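To start, the structure itself, in structure tokens.
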Amino acid sequence: MKKYWLMKSEPDEVSVDDALAAPDATVPWTGVRNYQARNFMRDQMRMDDGVLFYHSSCAEPGIVGIGRVASTPYPDPTQFDKKSPYHDPASKPEQPRWMLVDVQVLRKIPNLTLTQMRARPELADMLVLKRGNRLSITPVEPKHWRAIVGNP
DNA sequence: GCCAACGTTGGC
DNA sequence: GCCAACGTTGGC
């Protein structure tokens with residue numbers, strides 16, 4: 001059964017336009033250093049799962065694109081890169097700690113801002129809107145996906 | 001295993 | 001820049 005996900009990216013690092021400009025509009029979801037978020041990518045995501053591309057830590061946080069999971073899980077290369085801010089000296093190549101998937105952007109949508117999301121009753125119980133939520137990757141219920149993306 | 005201190009996230 | 005909320009660390 002296909003699953004759906006909301007994945008946060010800081011547009012200063014990788015915006016939806018950056019992703020669209022990449023080959024095949026596909027980017028590796030690097031830099032996740034939270035176990036719960038990692039586990040979603042490593043254990044639960046499958047090829048072609050739906051992705052809501054979300055901009056965070058910016059002027060207008062919100063959902064700006066629709067995409068899909070475009071790879072199986074593999075080790076995040078930045079954990080072994082000493083020059084990367086995501087370098088993890090405790091992680092060993094023979095037993096990588098951080099796994100990621102590739103995400104392909106399929107299309108942009110007009111920014112569905114956090115404010116607009118909160119204003120829509122049918123989206124009120126989305127995990128990402130829960131008070132204190134800091135997870136950069138959250139599962140999205142099918143009803144919420146349909147309310148945002150429609151039913152193609 | 002507890003929990004205080006510390007660090008990070010992310011909206012505002 | 002502020003700070004609430006939460007995750008991680010490390011001493012005990």
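Since the model is a prediction, treat every value here as computed from it, not as a measurement. Letters go in sequence order (proteins before strands), and every chain restarts at 1.
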Notebook entry, point to check: ring pair (Phe, Tyr, Trp, His ring centres under 6.0 Å) with A:Phe53: which residues, sequence neighbours excluded?
Noted result: A:Trp29, A:His55
Next item on the list: State which residues pass salt bridge (charged side-chain N to carboxylate O under 4.0 Å, His left out) with A:Asp48; sequence neighbours excluded, sorted by chain then number.
Entry: A:Arg68
Item checked: Residue pairs involving residues 3-22 of chain A (criterion ring pair (Phe, Tyr, Trp, His ring centres under 6.0 Å); sequence neighbours excluded) -> A:Tyr4-A:Trp145, A:Trp5-A:Phe40
Checklist line | Whole-Å distance separating the CD atom of A:Glu60 from the P atom of B:dC12 | finding: 11 Å
Next item on the list: Identify, with sequence neighbours excluded, every residue that meets side chain to side chain contact (heavy atoms under 4.5 Å, CB included) alongside A:Ala59.
Entry: none
N/O to N/O distances under 3.5 Å, protein versus nucleotides 7-10 of chain C:
{"from": "C:dG7", "atom 1": "O4'", "to": "A:Arg134", "atom 2": "NH2", "distance (Å)": "2.9"}

Note to self: List the residues meeting side chain to side chain contact (heavy atoms under 4.5 Å, CB included) with A:Asp43, not counting sequence neighbours, and say none if there are none.
What the structure shows: A:Asn39
Check: Tell me, which pairs form a side chain to side chain donor-acceptor pair (under 3.5 Å) where one or both residues lie in residues 56-67 of chain A, sequence neighbours left out?
Finding: none
Notebook entry, point to check: Heavy atom of residues 78-86 of chain A under 4.0 Å from DNA chain B: which residues?
Noted result: none
Next item on the list: Report the hydrophobic cluster partners of A:Trp98, with the cluster defined as I, L, V, M, F, W, Y residues connected by side-chain heavy atoms closer than 4.5 angstrom, directly or transitively.
Entry: A:Tyr35
Note to self: Taking the basic N atoms (NZ, or NE/NH1/NH2) and the acidic carboxylate oxygens, is any pair closer than 4.0 Å for A:Asp76 and A:Arg38?
What the structure shows: no
